[in-house]
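Structure first, commentary second.
Every chain is numbered from 1 and lettered A, B, ... according to where its sequence line falls, protein lines coming before strand lines. Computed from a predicted structure; not experimentally measured.
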2 protein chains.
Amino acid sequence: MNSPKRTTIYDVAREAGVAASTVSRALRNPRRVNAATREHVLGVAERLGYRPSPLATALQSGRTATVAMLVPDITNPHFFGTVRGAERRASAAGITFILSDTEESADTERTKIEHLARSVDGFVLASSRMSDESVWELAEEHNLVLVNREVRGLPSAVVDSRAGSRQIVEHLASLGHRTLVYLSGPHQSWLAGERWQGLLDGARNLGMRATRLGPFPPRVVGGGAAADAALVTGATAVVAHNDLLAIGVLRRLAERSVKVPERISVVGYDDIFGADFCVPALTTLAGPQDEAGRSAVELLLENRSRSTARTPDRRVMLPSHLVIRGSTGQAPR
Amino acid sequence: MNSPKRTTIYDVAREAGVAASTVSRALRNPRRVNAATREHVLGVAERLGYRPSPLATALQSGRTATVAMLVPDITNPHFFGTVRGAERRASAAGITFILSDTEESADTERTKIEHLARSVDGFVLASSRMSDESVWELAEEHNLVLVNREVRGLPSAVVDSRAGSRQIVEHLASLGHRTLVYLSGPHQSWLAGERWQGLLDGARNLGMRATRLGPFPPRVVGGGAAADAALVTGATAVVAHNDLLAIGVLRRLAERSVKVPERISVVGYDDIFGADFCVPALTTLAGPQDEAGRSAVELLLENRSRSTARTPDRRVMLPSHLVIRGSTGQAPR
DNA sequence: CGTGTCGTGGCAAGCGATTGCCAAAAGTTG
DNA sequence: CAACTTTTGGCAATCGCTTGCCACGACACG
């Protein structure tokens, strides 16, 4: 492995009979050299199979053409769409994409940022678990864009959960439900707060009663306890923090022979893979998660200007929509 | 963003009253400097919040402490486990993890490798779509480890599909099936070949008849055509290239009111998320995919020695096991 | 034909580390 | 105490590329 020597800009320069600087310019700054020279240099470069060293370029110019995305848990299907969108966008721009798992920990998040800081142009923080202050503080030093999280003055791409949550409530109300229980996600999750607020707003408007339980681990296994807890509240509808949890709930309810949706309706968030073929199929709030990832990278790219001048905080808010399936139905009477 | 100036090794050197080289040694090569000086330097470095520049280090030393993983399609749940395992392992070793999607294309694969070559210490190629020759050729120049793919003389980590496929056949035979049809995956997929061979072997041993159909796109949508094609063969059991396809088949069969497993049994591969809660739950060949990812990175790390001397080809073969669920049953008579 | 402008290309100084080589200091030995 | 070895720290080159600055020639203009 590792060829003895890769061809450098100097090899090209020598072969083409010009200075290294000219080669560099021919490559990066076309208008700075004579068209003819440029052609020639490009030809030689091609012939020699020259490939620039991203490292050297980055070291010198300060631009790494790399972005990193930090995700609390790559295992969680919730993030698949976002990761995919971000990767695609980066790749399309010829930007290297680093993916890192932060294990649901704010500390790990901070550590990784510090660690990667010099190797990337910026970070996409998906559902960051850090406090507002921490994020804000880090943003002083690093180029950050948030996904599904908002912090005063920082660029972000979020899928609207509030309006979506209100849609959920309206949907439930239209089916005759008068009470709902929200099975909350992680304590530090901004999204969980948003969702709850949206539900609360909606409930208030429609005169429904909404209660919150949890937090529960936002995974299938969390659904057991969540379902049991939900049942004792007597609510006719449960809204789970995400589809994973909702699927867990569905499973537990089936175990306990509680009919869905006859006896109780279940709603999730994210419309992950599988939400359409679990039984009953899950009513869920779908959103363009990959679009969020895409936008985030885009914002990052815009921001690459090294000016300390904060760009007018760019925020992207993406609409969500309710996908109605078999897990919601008329409230029992 | 981007603080005006990050502290460099020189800042530390000045502040500590030593030469830059000493600082470098204190950090990397402890035994090369006096313990006292070392303490002092480390203290100053700490106080100044010094963080080495991975770029500079890499440029000089040739080691980037970075690995890249190339995946045909990050969207495909099949790879989630592998990606996760690889990311975890890299992260644990303090190694930066680059993830890239090759869009099921051998060309993209090659391009990306070429592009990243200078920025990484090696590549993990998951289910590479390149020809044996291409891979072999690239391996001359780059540090490669394959996942779920074998090429003469190259290190690889694979989940055993052959033995697993035989298990599948045995299982089906024990249920009285006499014929099975394999719904094949992508043409260039090595794995598809392995699986088919395993099925064929098994069938031969047990006197069953096995036929192959396809290739089909290994996604849920591929299941429609696949199911229809399978039905006309009259086989009582279908083995789909992966769970995605199997789930698509299940769905199509349900649409056509073909009872599973009464009328026909369905088997998948991978045991992806959802395989346990689709209806009927899917019998599938499960394997430690994350283990494969983990091992691959490990092999890469071992190989980092820049010696051109090929290390004794390390291969890791991981056992798979059959998970039997509701989609397989007694053959109809 | 002198002078001012532009268009091009080269020189050389970094970017932030690592490392071979050398020399001074310290320790060892007879 | 001389001669020698070992420890320890510094100098400076190097990795491959970018870019500010300068110089040279061509061309335009009066």
Tell me which pairs pass side-chain hydrogen bond (donor to acceptor under 3.5 Å, both in side chains) where either residue lies in residues 94-113 of chain B, with sequence neighbours left out.
Ser91(A)-Lys112(B), Ser100(B)-Lys112(B), Glu104(B)-Arg129(B), Ser105(B)-Thr108(B), Glu109(B)-Ser128(B), Arg110(B)-Ser134(B)

According to a strict under-4.0 Å criterion, is Ser24(A) in side-chain N/O contact with OP1 or OP2 of dT18(D)?
yes

Classify the angle between the aromatic ring planes of Phe80(B) and Phe80(A) as parallel (below 30°), tilted (30 to 60°) or perpendicular (above 60°).
tilted

Mind calculating the distance between [atom1] ([X]) and [atom2] ([N]) to the nearest angstrom?
{"X": "Asn29(B)", "N": "dC21(C)", "atom1": "CG", "atom2": "C1'", "answer": "15 Å"}
{"X": "His40(B)", "N": "dT8(D)", "atom1": "NE2", "atom2": "P", "answer": "17 Å"}
{"X": "Arg14(B)", "N": "dG10(D)", "atom1": "CZ", "atom2": "P", "answer": "14 Å"}
{"X": "Leu55(B)", "N": "dG16(D)", "atom1": "CG", "atom2": "P", "answer": "14 Å"}
{"X": "Leu48(A)", "N": "dG16(D)", "atom1": "CG", "atom2": "P", "answer": "14 Å"}
{"X": "Arg28(B)", "N": "dT19(C)", "atom1": "CZ", "atom2": "P", "answer": "9 Å"}

When you check every protein heavy atom under 4.0 Å of nucleotides 4-14 of chain C, what one-letter string (B, S, -) results, 5' to 3'?
----BBBB--B

Asn148(A)-Ser127(A) side chain donor-acceptor pair, cut-off 3.5 Å:
no

For Arg315(B) and Ser156(B), which I'm curious about, is there any donor-acceptor pair between the side chains at under 3.5 Å?
no

Min side-chain heavy-atom separation His115(B)-Pro54(A) under 4.5 Å:
no

Decide, yes or no, whether a salt bridge links Arg84(B) with Glu87(B) under the criterion of side-chain N to carboxylate O below 4.0 Å.
no

Closest to side chain of Ile9(B), choosing from dC17(D), dC15(D), dT18(C):
dT18(C)

